[in-house]
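Presented below is the structure to which this report refers.
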Amino acid sequence: MTATHSTRLLILGSGPAGLTAAVYGARAGMAPIVVQGMQPGGQLTITTDVENYPGFADVIQGPWLMEQMQSQAEHVGAKMEWDHIVEVDLSRRPFRMKGDSGALYLGDALVIATGAQARWLNLPSEERLKGKGVSACATCDGFFYRGRKVIVIGGGNTAVEEALYMTNHSHDVTLIHRRDSLRAEKILQDRLFAHANIRVMWNREVAEFVAGGEPEGLVAVDLRDTRTGAIERLDTEGAFVAIGHSPATELFRGQLDLDRDGYIPVEPGTSRTAVPGVFACGDVMDKVYRQAVTAAGTGCIAALDAEKFLAEADFAAPAKSLQEA
Ligand code: FAD
Ligand code: NAP
């Protein structure tokens with residue numbers, strides 16, 4: 001029989017945004033259910049050192065921080081469901097969602113905290129070599145490239161951190177960036193430029209990943225000079241694509257307005273989307289800051305907005321639970 005989970009507050013996503021919304025939602029008596037998705041704990045579970053989350057004098061580990069957030073949310077009464085939402089109906093309340101498990105989720109209010117996913121270059125050779133030399137997560141896969149020559153593609157914080165991280169495994173790390181300056185924070189840039197085992201190749205993009213060997217794996221990349229179009233080959237056995245993330249919003253297309261880049265627009269200063277009772281927080285609505293602490297901050301806002309919405313909805317229809325409406 002299909003399980004049905006009903007709650008006042010349904011939260012999609014278990015990154016810093018979703019889990020903070022869960023802490024506030026539980027403490028406000030909304031008995032939230034968090035549908036964790038395929039990456040319980042979110043993006044920070046694929047990194048190591050976190051130095052900029054307030055409250056910790058020592059460097060902490062991303063997965064540890066997310067375990068703490070989940071424990072805190074559970075401690076105050078939030079319920080976790082290990083499921084991934086595949087269908088949503090936001091046309092009426094309670095909002096209805098279907099999980100990959102077949103379970104049905106009903107929520108009087110909904111907080112969307114589905115975050116973002118790694119972006120790829122979308123080259124056929126990249127697809128063919130994923131897991132055979134091409135990866136989007138150095139902290140997950142870097143170990144496999146111990147002593148090998150590797151490249152990291154991108155110019156943001158993630159790319160610089162991945163390049164620095166890879167020096168734990170490799171003495172030959174090349175950062176490939178399509179422009180002549182990085183967008184990463186200055187402190188990270190300083191560390192990168194100071195590192196003897198990292199070099200940067202400016203104004204280059206990957207034209208093709210080159211396969212070879214038996215069993216087949218990455219053996220080189222063809223790099224295109226973004227100014228002249230000239231192609232040169234660089235030998236490498238590991239390539240880490242670190243070119244940013246796309247918001248996980250496909251699920252809501254056609255039901256919620258999305259902006260040009262696929263993010264969920266919210267009313268400025270709030271987490272309110274265009275659908276009353278649906279709130280968005282974290283990386284799924286923030287294309288500018290995209291930090292754990294900002295995700296947590298907007299998660300708090302979403303829970304407070306949801307609480308206010310439910311209180312006003314109850315006041316407007318005191319005799320009937322929203323779920324019966
Ligand atoms: P996410 O962390 O992306 O979580 C999204 C959640 O939604 C996941 O639990 C996922 O399973 C779930 N989900 C997705 N789709 C569905 C669905 N259909 N149904 C149910 N659930 C779903 N920030 C910092 O402040 N400091 C750092 O040091 C730092 N390091 C980083 C290192 C790396 C490698 C990366 C990639 C990011 C880093 N960031 C860092 C950024 C930070 O991780 C993000 O800003 C933050 O995790 C965003 O939180 P979020 O809750 O919005 O989303
Ligand atoms: P990002 O800041 O969006 O940077 C993406 C980089 O990839 C940019 O340099 C971009 O080049 C490049 N790029 C994009 N598409 C490309 C393509 N098709 N081909 C080649 N290069 C391409 O993404 P991010 O580095 O993943 O960071 C995401 C967010 O997480 C940021 O807000 C960041 O601050 C945060 N974060 C924080 C930390 C930390 O605080 N320690 C660590 C990691 C991430 P251009 O520069 O030319 O656009």
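Atoms within each ligand, like the ligands themselves, are counted from 1 in listed order.
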Is the shortest N/O to N/O distance between [X] and ligand 1 below 3.5 Å?
X      : value
Ala17  : yes
Val293 : no
Gln43  : yes
Asn52  : yes
Gln36  : yes
Glu162 : no
Ala248 : no
Ile46  : no

Quiz item: Taking 4.0 angstrom as the limit, do Glu208 and Arg224 come out as a salt bridge?
Solution: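 Looking at Glu208 and Arg224, the cut-off is not met.
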Quiz item: Which ILVMFWY residues can you reach from Val206 by hopping between side chains whose heavy atoms are under 4.5 Å apart?
Solution: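 Direct or chained contacts put Val206 with Trp120, Leu121, Leu123, Leu129, Val134, Ile151, Ile153, Ile176, Met201, Phe209, Leu218, Val221, Leu223, Leu234, Val241, Ile243.
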Practice problem: Examine the side chains of Asp83 and Tyr105 and answer whether a donor and an acceptor come within less than 3.5 Å of each other. | Solution: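 There is such a pair between these side chains.
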Exercise. State if Val35 counts as touching ligand 1 under the rule of any non-hydrogen atom under 4.0 Å.
Key: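 Contact present.
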Practice problem: Work out whether the distance between some heavy atom of His245 and some atom of ligand 1 is less than 4.0 Å. | Solution: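 Under 4.0 Å: yes for His245.
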Quiz item: With a cut-off of 4.0 Å, which atoms of ligand 1 are near a heavy atom of Leu251?
Solution: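 Near Leu251, meaning under 4.0 Å from one of its heavy atoms, ligand 1 has 18 (N).
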Self-check item: Those atoms of ligand 1 less than 4.0 Å from some heavy atom in Gln291
Solution: 23 (N), 24 (C), 25 (O), 45 (O)
Quiz item: What distance do Gln189 atom CD and Asn157 atom CG have between them, rounded to the nearest 0.5 Å?
Solution: 9.0 Å
Self-check item: atom 53 (O) of ligand 1 - nearest protein heavy atom and its distance
Solution: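 Of every protein heavy atom, Gly115 CA, 3.3 Å lies nearest to atom 53 (O) of ligand 1.
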Quiz item: How far is atom 42 (C) of ligand 1 from its nearest protein heavy atom, and which residue and atom is that?
Solution: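 Residue, atom and distance for the closest contact: Ala292 N, 4.0 Å.
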Self-check item: Any residue meeting side chain to side chain donor-acceptor pair (under 3.5 Å) with Asn203, in chain and number order, not counting sequence neighbours
Solution: none
Exercise. Please work out which of Gly37, Cys281, Ala295 has its closest non-hydrogen atom nearest to atom 22 (C) of ligand 1.
Key: Gly37
Self-check item: Closest candidate by heavy atom, reference atom 47 (O) of ligand 2, pool Arg183, Lys287, Arg179
Solution: Arg179
Quiz item: With only distance considered, is Gly155 within less than 3.5 Å of ligand 2 through an N or O on each side?
Solution: yes
